[in-house]
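Reviewing the structure listed below.
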2 protein chains.
Amino acid sequence: MQKMNNKNKIFIDKLRSSGLRPTNQRVEISKFLFNRKKTFHFTVEELKNSMNLKRSKKISTATFYNTVHALKSAGYLKEFSLENNTSYYDTNISSHHHFFDNGKVIDINSDKITFRKLPEAPKGKKIKNVEVVIRLENNN
Amino acid sequence: MQKMNNKNKIFIDKLRSSGLRPTNQRVEISKFLFNRKKTFHFTVEELKNSMNLKRSKKISTATFYNTVHALKSAGYLKEFSLENNTSYYDTNISSHHHFFDNGKVIDINSDKITFRKLPEAPKGKKIKNVEVVIRLENNN
DNA sequence: AACTACTTTATAATTATTCTAAAGTATGTG
DNA sequence: CACATACTTTAGAATAATTATAAAGTAGTT
């Protein structure tokens with residue numbers, strides 16, 4: 001039974017509104033993801049490793065996947081892909097853009113990019129969002 | 001030994017300049033990819049299935065992967081990723097953009113999108129390219 | 001406190017991709 | 001233009017990320 005102290009309320013609320021019961025494992029994941037000053041990017045494997053390092057009783061892989069998926073479906077995480085067949089998740093859910101620099105990802109605030117011209121959506125469709133990836137290379 | 005008729009020269013040249021000997025399997029793949037009016041998108045699995053359907057002697061999976069990788073490294077194919085952990089390849093290598101509509105990909109000509117403002121590259125880096133993904137949803 | 005539906009977990013299964021090593025082939029050399 | 005050799009093809013094994021399974025555990029309601 002999760003102790004319902006105020007300190008955890010915000011993290012528990014994210015779980016509940018994602019359709020998840022706030023179990024101990026999930027609350028810890030939610031805190032790990034959202035209890036920080038700056039947003040960040042991660043893969044499920046990275047998340048699992050960094051959380052389980054500190055724990056005697058490990059959280060299982062399936063729980064990480066389940067929790068991340070639910071948080072993503074509820075809109076608390078954004079998913080994106082690089083060219084390496086791995087899903088990345090971003091705790092910055094505001095519309096924004098990315099630099100990709102050899103597997104490293106750097107956020108670009110949405111106000112740093114504006115458009116002069118954008119195409120119409122095909123008929124019957126509308127634009128959900130627009131995301132820009134700026135690929136970098138070394139300057140030599 | 002590949003018969004070196006003119007009809008295949010262009011496809012063989014792509015292979016050679018990708019560092020590949022023009023074996024029969026590779027020439028067929030090159031023709032399948034580039035001997036068409038319109039560019040297209042594919043996964044290696046899709047490529048393999050559609051080519052092998054018509055063949056009595058199947059081309060192996062490894063040959064598809066090897067050939068596609070070499071063509072991509074040489075710049076004859078562009079790679080991109082959706083959120084499903086699969087690599088997609090595009091025979092349209094000109095700089096362009098995409099609509100993503102529930103796993104379907106539609107090209108957007110690069111002249112359909114222009115920028116009013118773009119960020120500087122971090123120091124020591126320069127911009128290799130800029131790609132825009134416009135995600136679509138149904139209009140209801 | 002008891003019941004029931006939801007969770008966790010270890011493990012198996014799946015999918016996309018890469019590796020391996022044996023058998024086959026392109027190509028330069030003589 | 002036959003030979004030698006390095007590059008290829010292939011089937012199958014290996015790997016990596018992810019999803020499925022089913023038994024044991026727990027949250028939330030009664």
Side-chain angles (χ1 to χ4, degrees), chain A residues 1-5 8-9 11-13 15-30 41-49 51-52 55-74 77 79-89 103, chain B residues 1-5 8-9 11-13 15-30 41-49 51-52 55-74 77 79-89 103:
Chain A
M1 182 103 58
Q2 181 59 32
K3 199 158 29 163
M4 180 56 168
N5 45 24
N8 287 349
K9 179 164 193 322
F11 310 114
I12 291 174
D13 285 348
L15 294 169
R16 286 205 199 277
S17 58
S18 303
L20 297 179
R21 286 184 182 173
T23 63
N24 283 305
Q25 293 92 325
R26 288 170 176 169
V27 174
E28 292 208 38
I29 293 171
S30 182
H41 308 111
F42 63 94
T43 66
V44 172
E45 199 61 22
E46 290 166 355
L47 174 65
K48 183 179 79 155
N49 291 340
M51 286 195 63
N52 276 345
R55 301 172 55 88
S56 48
K57 184 158 190 340
K58 313 299 186 194
I59 297 173
S60 73
T61 304
T63 295
F64 283 106
Y65 276 99
N66 289 341
T67 306
V68 165
H69 282 165
L71 290 169
K72 180 221 154 190
S73 296
L77 294 172
E79 185 180 2
F80 63 91
S81 286
L82 272 52
E83 271 85 58
N84 61 356
N85 312 314
T86 311
S87 286
Y88 288 77
Y89 295 90
Chain B
M1 183 102 59
Q2 181 59 32
K3 198 157 34 166
M4 180 58 167
N5 45 25
N8 287 349
K9 180 167 193 322
F11 310 114
I12 290 174
D13 285 349
L15 294 170
R16 287 206 197 277
S17 57
S18 304
L20 296 179
R21 286 184 180 173
T23 63
N24 282 308
Q25 293 93 325
R26 288 170 176 168
V27 174
E28 292 209 37
I29 293 172
S30 181
H41 309 113
F42 63 92
T43 67
V44 173
E45 198 62 22
E46 289 166 358
L47 174 66
K48 182 180 80 155
N49 290 339
M51 286 194 65
N52 275 345
R55 300 173 55 87
S56 47
K57 185 158 187 344
K58 312 299 185 193
I59 297 174
S60 72
T61 305
T63 295
F64 283 107
Y65 276 100
N66 291 341
T67 306
V68 166
H69 282 167
L71 290 169
K72 180 218 153 188
S73 296
L77 294 173
E79 185 180 3
F80 63 91
S81 289
L82 271 53
E83 272 85 57
N84 60 356
N85 313 314
T86 310
S87 287
Y88 287 77
Y89 296 90

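The structure presented is a predicted model; accordingly, all values stated were derived computationally and were not measured. So that the names make sense, note that chain A is the first sequence line, chain B the second, and so on, each numbered from 1.
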Can you check whether B/R16 has a side-chain N or O nearer than 4.0 Å to OP1 or OP2 of D/dC7? no

Atom-to-atom span, CG of A/L47 to P of D/dT18 - whole angstrom: 12 Å

Starting at CD of A/E28, measure out to OG1 of A/T23 and round the result to the nearest 0.5 Å. 9.5 Å

Contact list for DNA chain C against residues 61-71 of chain B - heavy-atom distance below 4.0 Å: B/A62, B/Y65, B/H69

Could you state the atom-to-atom distance from CD1 of B/I59 to P of C/dG24 in whole Å? 18 Å

Which listed nucleotide (C/dT7, C/dT17, D/dA17) is nearest to the side chain of A/T86? D/dA17

Taking the six-membered ring for Trp, are A/H41 and A/F80 parallel (under 30°), tilted (30 to 60°) or perpendicular (over 60°)? perpendicular

B/E83 atom CD is separated from D/dA17 atom C1', nearest whole Å, by 15 Å

Looking at every heavy atom in both B/S18 and B/A70, which two are closest together, and how far apart are they? CB-O, 3.7 Å

Is the shortest side-chain N/O distance from B/Q25 to OP1 or OP2 of D/dT10 below 4.0 Å? yes

Counting N and O atoms only, with roles assigned by atom type, does the side chain of B/S30 sit under 3.5 Å from a partner on the main chain of B/R26, one being a donor and the other an acceptor? no

Could you check how far OH of A/Y88 sits from C1' of D/dT18, rounded to whole Å? 15 Å

Please state whether the phosphate of D/dT9, meaning OP1 or OP2, lies under 4.0 angstrom from any side-chain nitrogen or oxygen of B/R26. yes

Through what angle, rounded to 10 degrees, does the axis of the helix from C/dA1-D/dT30 to C/dG30-D/dC1 turn between its ends, using five pairs per end? 30°

Taking 4.0 Å as the cut-off, does a side-chain nitrogen or oxygen of A/S87 come that near to OP1 or OP2 on D/dT18? yes

Quick check for you: to the nearest 0.5 Å, what is the distance between B/E83 atom CD and A/E79 atom CD? 5.0 Å

A/N52 CG to C/dA10 C1', in whole Å, measures 14 Å

So what does A/K48 touch, heavy atoms closer than 4.0 Å: a base, only the sugar-phosphate, or nothing? nothing

Could you check whether any side-chain heavy atom of A/L82 comes within less than 4.5 Å of a side-chain heavy atom of B/S81, counting everything from C-beta outward? no

When rounded to the nearest 0.5 Å, the distance separating CE of A/M51 from CZ of A/F64 is 5.0 Å

So what does B/T43 touch, heavy atoms closer than 4.0 Å: a base, only the sugar-phosphate, or nothing? nothing

Give, for atom CG of B/L20 and atom CG of B/L71, the distance between the pair rounded to the nearest 0.5 Å. 6.5 Å

Spatial distance of atom OG1 (A/T61) from atom CD (A/E45) [nearest 0.5 Å]: 6.5 Å

On DNA chain D, does the nearest nucleotide to B/N85 precede the nearest nucleotide to B/K57 from the 5' side, or the other way round? Give the residue. B/K57

To the closest 0.5 Å, what do you measure between CG (B/N52) and NZ (B/K57)? 10.0 Å

Rounding to a whole Å, what distance do you find between A/L15:CG and D/dA27:P? 13 Å

Can you tell me how far C1' of C/dA16 sits from CG of B/N84, to the nearest Å? 10 Å

Could you state the CG-P distance from B/L82 to C/dT15, rounded to the nearest angstrom? 18 Å

